[in-house]
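Worksheet: the structure to be examined is printed underneath.
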Amino acid sequence: MNDGKNEKIVLAHMPYWDPLVPPMGIATLKAYLEHFGYRVSTFDLNVHADFKASYKKYFEVFEKYIPERKRGNFYNIGHETLQNHLMAYINQTDESGYLELVKQLIDTIFFDDASEQQVLEHHDVIRGFYQKLEKYFVEIFDRENPSVIGITAFKSTLPAAMFTFRLAKERVPGIKTLMGGGIFADTMAIGSPNFDFFLEKSKDYIDKVMIGKGEEFFLKFLRNELPESQRVFTLKDFEGTPVEPAPNVLPDLSDMDLRHYPYVTASGSTSCPYKCSFCNSSIFYGEFKQKPVAQIVEYMSNMQDRYGSRTFFMTDALLNPIVTEFAEAIIQSERTFYYDAYFRVDEESCNVENTLLWRQGGFYRARLGVESGSQKILDLIGKGINVEQTKQTISGLAYAGIKPTAYIVIGHPGETEEDFQMTLDLLEEKQNDIWQAECIPFAYYYNGQPGGGQWKDKRKLLFSEKAKEMLIIRTWVVDEEPGREEVYNRVFRFSQHCRKLGIPNPYSFKEIYQADERWKILHKNAVPSLIELIDRDNVTHDRHAVKRLHFAHNRQRYDSDFGF
């Protein structure tokens, strides 16, 4: 075993990321490296009170100035402005140009003319955020005196990561810096102009970039087994070369406050067997591979024994290939687990005998890529499903009490007003069987989407070429109907329609509680509320209460606001 006692490693997860699960990537890396004798500390800034306060203030400024009718899917689309603003702040060289860009960022998301006062108030929040971030890491660098810092980056966390890498190089002489993360799956995929520009801009303060699962890479780096001249590594670089076998260790969450998170993660597969036009999972993660279900259940049992976890978020692109076998294995284990997973509309989920089994086996929430209520759009996307299957899947899951979330893509190229209205009609028809409905505007990536080639000649930059020096990540849009303003208008209308129907889109724990209480009123087989499940002193065993309901079609209609 290599003696790594001379290395002190800091691993960090930055703001802002959806606080659904703790940063399992750095927790897994910590456990792996400590197995080989290295000293590792992990830091989760995403749920730190100071940074959460800045987030809250930023959106309070939106609420102050943006009319409610234009907020749409407020937090989802607001994140786009926030992450671009965070990036523009650290790369500005001309204050007037920077402030003008901030105004453009707001105007192109909310289609509301941002005032000078609003821009300045947002600027003050971002300035305060970076002051807090610098203070936080200066204290860490002084206390830990690390020789290596590794940061996992996503699009929304990249600005804080770049700022921290710069700070590390300034404050800690000789420190080595490494970056990985999901950002290389979409907005910064290899071969895109964004990727090349990022490498150029960050060459002075990010030493190595790892794309893909990084445990073996990190170990080789620490052992000086990587070419000094090579900066970017992918999994292909390790094909045919011996690596240290990954020890069978659990993620080390000891540095993290799990009270902030409703789930920990588990996975049953990698990649995705399907190739929807707008999704890049199959391209980024490669060949679809499935784990033995016994291995998954064993992992979940060990996590439950160590951390008390009974709620899991499955990181699979889709749970469908293993869901029945997985549920049966959990039932046989006599363990109580609940899991939230991405799921695909299919014939199996139209059968209530199947959904009842899955519910008994712990299936808690199904995140469905509904995408559209228009068959034409489903065919353009390449979903391979029909609208009637979507309806039956939603109802089949709801019948068993599993919570369906309907994810909708608004503004896929070629979507007409009639197509959009079909989506609204679908929501109205299935309103009592949908736990949550959330929409996102169609997003185009320069490369990495299976259907991207058809739009290659119609893409254009959202912001001017001059803005790339501040934004680093450029955004391309497809110059095809519906236009961007119409897409966001439909996003706003979608959100208003859901509110009218009483279909939630919860973000806070309070809103989730309210959505869960609504679900219990609507469905006799409803899964327990998330608040019940994360209360570790509350033991929930409701598996045997799940049954076929002969009166299911006479369920109470729930049309009112929450009223709690």
Side-chain angles (χ1 to χ4, degrees), residues 77 80 83-84 87 104-105 108-109 154-156 158 181-201 209 211-212 232 234 236 271-288 317 369 371-372 374-385 407-417 419-420 439-491:
I77 64 175
E80 190 171 341
Q83 66 201 22
N84 280 325
M87 186 67 82
Q104 292 177 34
L105 295 176
T108 57
I109 293 295
F154 303 90
K155 183 178 180 182
S156 57
L158 180 63
I183 191 169
F184 300 110
D186 41 55
T187 52
M188 223 150 62
I190 289 181
S192 71
N194 280 340
F195 181 73
D196 296 336
F197 189 60
F198 164 77
L199 290 180
E200 175 62 26
K201 294 291 286 188
V209 173
I211 301 173
V232 178
T234 70
K236 292 182 179 179
S271 192
C272 181
Y274 302 98
K275 292 179 171 61
C276 298
S277 64
F278 61 86
C279 180
N280 49 30
S281 291
S282 60
I283 292 178
F284 181 72
Y285 294 104
E287 181 184 357
F288 175 76
E371 322 305 3
S372 177
S374 163
Q375 189 62 49
K376 182 191 83 176
I377 298 301
L378 292 177
D379 293 342
L380 286 174
I381 290 173
K383 289 294 288 187
I385 61 173
Y407 288 119
I408 306 292
V409 174
I410 303 292
H412 189 282
E415 181 188 76
T416 64
E417 175 62 26
D419 296 320
F420 176 64
C439 70
I440 58 170
F442 170 80
Y444 170 77
Y445 301 114
Y446 192 90
N447 57 359
Q449 291 170 303
Q454 64 185 300
W455 306 308
K456 181 178 179 181
D457 296 333
K458 298 178 181 179
R459 66 188 176 207
K460 65 178 183 180
L461 282 169
L462 179 59
F463 301 105
S464 68
E465 186 71 16
K466 186 173 67 173
K468 77 174 185 179
E469 292 293 334
M470 283 187 278
L471 296 179
I472 307 300
I473 295 177
R474 284 164 286 178
T475 301
W476 282 267
V477 295
V478 178
D479 190 13
E480 186 173 330
E481 293 299 322
R484 183 177 174 85
E485 185 169 1
E486 177 58 29
V487 171
Y488 278 83
N489 179 51
R490 290 176 186 173
V491 169

Taking all heavy atoms of G414 and all of D419, pick out the closest pair and write down the distance. O-OD2, 3.6 Å
Are any of the side-chain heavy atoms of I408 and E371 separated by less than 4.5 Å? no
Expected output: side-chain R484 to main-chain V477 donor-acceptor under 3.5 Å: no
Residue pairs passing the side chain to side chain donor-acceptor pair (under 3.5 Å) test with at least one member in residues 464-473, sequence neighbours excluded, are K201-E469, E465-K468, E465-R474
All heavy atoms of P482 vs all of E486, minimum pair found to be CB-CG, 4.1 Å
Main-chain N/O of T187 paired to N194 side chain as donor or acceptor, under 3.5 Å: yes
Nearest 0.5 angstrom please: Q104 CD to I109 CD1, how far? 12.5 Å
Between N84 and E80, do the side chains contain an N or O donor and an N or O acceptor separated by less than 3.5 Å? no
Do I410 and E415 have side chains that approach each other closer than 4.5 Å (heavy atoms only, starting at C-beta)? yes
Once rounded to the nearest 0.5 Å, what's the spacing between atom CZ of F420 and atom OG of S372? 10.0 Å
Is it the case that more than 12 heavy atoms not belonging to E417 sit under 6.0 Å from its CD atom? yes
Evaluation steps, side chain to side chain contact (heavy atoms under 4.5 Å, CB included), between I473 and F198: CA-CA 8 Å; I473 295 177; F198 164 77; over 6 Å; no
With heavy-atom distances below 4.5 Å as the criterion, would you say the side chains of M188 and K155 are in contact? no
Would you check if F195 and L199 make a side-chain contact, meaning some heavy-atom pair closer than 4.5 Å? yes
If the condition is ring-ring contact (aromatic ring centres under 6.0 Å, His included), which residues does F197 pass it with, not counting sequence neighbours? none
Which heavy-atom pair separates R459 from Y444 by the least distance, and what is that distance? NH1-OH, 3.1 Å
W455 and F442: aromatic ring centres closer than 6.0 Å? yes
Could you go step by step and tell me if Y407 and I440 meet the side chain to side chain contact (heavy atoms under 4.5 Å, CB included) rule? CA-CA 8 Å; Y407 288 119; I440 58 170; over 6 Å; no
Taking the side chain as everything from C-beta on, heavy atoms only, tell me whether Y488 gets closer than 4.5 Å to I77. yes
Check the pair H412 / L380 against side chain to side chain contact (heavy atoms under 4.5 Å, CB included), numbers first and verdict last. CA-CA 9 Å; H412 189 282; L380 286 174; 4.0 Å; yes
Hey, what do you get for CZ (R490) to SG (C439), rounding to the nearest 0.5 Å? 12.0 Å
Side-chain touch L461/T475, heavy atoms, less than 4.5 angstrom: no
Inter-residue atom distance I381.CD1 - L378.CG, 0.5 Å rounding: 6.0 Å
Is there a donor-acceptor pair closer than 3.5 Å between any side-chain N or O of Q375 and the backbone N or O of I385? yes
Do M470 and M87 have side-chain heavy atoms sitting under 4.5 Å apart? no
